[in-house]
Participant: 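Could you have a look at this structure, given as structure tokens, before my questions?
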2 protein chains.
Amino acid sequence: MTGDAQISRLKPGRRTDIRRENERAILEAAEKVFAEAGFGGATMQLIADMAGLPKANLHYYFATKEDLYRRVVSRIFEIWLDAASSFDDAPGPVEGIGAYIDAKMDISRTHPHGSKVWASEVMHGAPVIQDYLETTLRAWTEGRITVIQRWIDEEKMQPVNPRHLLYMLWATTQHYADFGHQIQTLNGGKPLSDKQWREAKASVKEMVLRGIGAI
Amino acid sequence: MTGDAQISRLKPGRRTDIRRENERAILEAAEKVFAEAGFGGATMQLIADMAGLPKANLHYYFATKEDLYRRVVSRIFEIWLDAASSFDDAPGPVEGIGAYIDAKMDISRTHPHGSKVWASEVMHGAPVIQDYLETTLRAWTEGRITVIQRWIDEEKMQPVNPRHLLYMLWATTQHYADFGHQIQTLNGGKPLSDKQWREAKASVKEMVLRGIGAI
DNA sequence: TCATTTCCTGACCGTATGGTCAAGGTGAAG
DNA sequence: CTTCACCTTGACCATACGGTCAGGAAATGA
């Protein structure tokens, strides 16, 4: 098996570019369609149209609708995990949780579709990503609870239940993506402006940090 | 047309009971199926099976899938509006917002399916209940903002942005229904116990009320 | 008993969907 | 140029879906 090492070591040529570009376009279209119609309501034809490809071409890159969906869901999960690094190298809750709120609010603005797909997946009982919940998410959660508990022990914040604090952080930040349409309607039908997003982030941070006694 | 007044004044007999009971069973089954599969993923056959009726019978009581869905969505909205009365006859934020959180958390526990259907509907752009958002919900929101602003003016709480406070209340309380599966997974696969629900309610109330400077 | 209204349901239909396939196109390597 | 791996796609298929309908059952009132 000495040849294995070079299997995917073709120098990046047009072929590779085509594949990468098409997969990217399909995933982007799929994320939007799955978010707007749900898994059951989404059709491969619609995704194909939005990606500008014939439907049969989708099945060349992604064997089934489920495969495509799985890739979309995994993506937002990884983005969120990256954002979670804000939490780690922080001396206290003001910096750590503040940065985490900032990061999650930014993602809610830049990746609203992914957030909705994740929400939909969990609401339907997580048929596809149950293993993520039980392994990666659970481990991440326990780790963060430890950090929060340490801050409590160091009297950098009030002794709140860390678990419910995390739920509040997830709920509040993701609400701006998942319920973006409702928020937009209550904003006179217009999307939040840059200024309004800053106001939202500041409000959330202020209420949460005061709520846990960190400020 | 003098007879019109008595059209629906038949004394409650078996006929009426049959209709009422079947509609109830169908709506209950539909709420569960729509919540677990989304509108697109739900099938009339599945709803019929769960209600214990032949599919054709569903179409006798509800003309189309959309009609049935509309009824399910309206129901949770009315339940939430009822709960909102907690807000009104309260002297200050501790009582008003405290009772509102209690009420919404109770609904998240007793009507998780309805909450999910609402969330799904809004995430998909509110194709069916857009008018509710623009009329009833907007009016309700403005009213509550006025109440909160009065409390701020009376220095019963910190001057937070009332709108984002409402979003936080909605997000946090509904999270326990919409993401109930995720919470259950992080709870070792077991649903929250009575004690854990009390803990959740207490945590949310404590963090929110301290967050707005009401305690 | 008879007439009338309401309720029930198996069988059926047109359509749309996920997925398949065979035939052909295309660019890079030798 | 030839070869070969990769890419493209129109046409097609089986299935499942929402919805219809005709005919019968059951309850009600006279």
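Only this structure's heavy atoms are used, side chains among them; waters, hydrogens and symmetry mates stay out. Chain identifiers are assigned alphabetically (A, B, ...) following the order of the sequence lines, protein sequences preceding nucleic acid strands; residue numbering begins at 1 within each chain.
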Participant: In terms of the nearest nucleotide of DNA chain C, which residue is placed more toward the 5' end: T43(A) or A56(A)?
Facilitator: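 In this pair, the answer is T43(A).
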
Participant: Grab the NZ-P distance between K65(A) and dA16(D) for me, whole Å please.
Facilitator: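 Rounding to the nearest Å, NZ of K65(A) and P of dA16(D) are 14 Å apart.
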
Participant: Atom NE2 of H113(B) and atom CD of E36(B): how far apart are they, to the nearest 0.5 Å?
Facilitator: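 If we round to the nearest 0.5 Å, H113(B):NE2 and E36(B):CD are 5.5 Å apart.
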
Participant: Let me know the distance between CG of D49(B) and P of dA16(D), rounded to the nearest Å.
Facilitator: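 Value for this atom pair: 14 Å.
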
Participant: Reckon A48(B) touches a base, only the sugar-phosphate, or nothing at all at heavy-atom distances under 4.0 Å?
Facilitator: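 Here A48(B) touches no strand at all.
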
Participant: Nearest-Å distance, CZ (R20(A)) to C1' (dC7(D))?
Facilitator: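 Computing the R20(A):CZ to dC7(D):C1' distance gives 16 Å.
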
Participant: Let me confirm one number: the CD1-OH distance from I47(B) to Y69(B), rounded to the nearest 0.5 Å.
Facilitator: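 Interatomic distance, I47(B) CD1 to Y69(B) OH, rounded to 0.5 Å: 11.5 Å.
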
Participant: Round to the nearest Å and state the distance from L46(B) atom CG to dG18(D) atom C1'.
Facilitator: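 Rounding to the nearest Å, CG of L46(B) and C1' of dG18(D) are 14 Å apart.
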
Participant: Write down the distance between CG (L53(B)) and P (dT9(C)), rounded to a whole number of angstrom.
Facilitator: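 So the CG-P distance, L53(B) to dT9(C), works out to 7 Å.
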
Participant: Is any side-chain N or O of K55(A) under 3.5 Å from a base N or O of dG19(C), one able to act as donor and the other as acceptor?
Facilitator: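 When only heavy-atom distances are counted, K55(A) does reach the base of dG19(C) through a donor-acceptor pair under 3.5 Å.
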
Participant: Under a 3.5 Å distance rule, please check whether K65(A) uses its side chain to pair with a backbone N or O of F39(A) as donor and acceptor.
Facilitator: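 Side chain of K65(A) to backbone of F39(A): a pair is present.
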
Participant: NE2 of H59(B) versus C1' of dT6(C): gap in Å, rounded?
Facilitator: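 Computing the H59(B):NE2 to dT6(C):C1' distance gives 19 Å.
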
Participant: Considering just the side-chain nitrogens and oxygens of R19(A), establish if one lies under 4.0 Å of OP1 or OP2 belonging to dC7(D).
Facilitator: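 Looking at the OP1 and OP2 atoms of dC7(D), one of them is under 4.0 Å from a side-chain N or O of R19(A).
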
Participant: Output yes when at least one side-chain N/O atom of N57(A) is less than 4.0 Å from OP1 or OP2 of dG10(D), else no.
Facilitator: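 So the side-chain polar atoms of N57(A) never come under 4.0 Å of the phosphate oxygens OP1 or OP2 of dG10(D).
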
Participant: Considering just the side-chain nitrogens and oxygens of Y60(A), establish if one lies under 4.0 Å of OP1 or OP2 belonging to dT8(D).
Facilitator: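 For Y60(A), the contact criterion (side-chain N or O under 4.0 Å from OP1 or OP2 of dT8(D)) is not met.
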
Participant: Does either side chain, that of Q174(A) or that of H175(B), offer a donor lying less than 3.5 Å from an acceptor on the other one?
Facilitator: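 Their side chains do not contain a donor-acceptor pair, so the 3.5 Å distance test is not met.
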
Participant: Given dG19(C), dG10(C), dG18(D), which nucleotide is nearest the side-chain atoms of M44(B)?
Facilitator: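 Of the options given, the side chain of M44(B) lies nearest dG18(D).
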
Participant: When you compare the side chains of S74(A) and Y132(A), does any donor N or O come within less than 3.5 Å of an acceptor on the partner?
Facilitator: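 On atom types as modelled, these side chains qualify, holding a pair under 3.5 Å.
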
Participant: Figure out the CD1/C1' separation between I26(A) and dC7(D), and round it to whole Å.
Facilitator: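 Going from CD1 in I26(A) over to C1' in dC7(D) covers 12 Å.
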
Participant: May I have the distance from N22(B) (atom CG) to dA26(D) (atom P), rounded to whole angstrom?
Facilitator: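 About 15 Å, once rounded to whole Å.
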
Participant: At under 4.0 Å between heavy atoms, what does Y61(B) touch on the DNA or RNA strands: base, sugar-phosphate, or nothing?
Facilitator: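 Since only primed, P, OP1 and OP2 atoms lie under 4.0 Å of Y61(B), the category is sugar-phosphate.
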
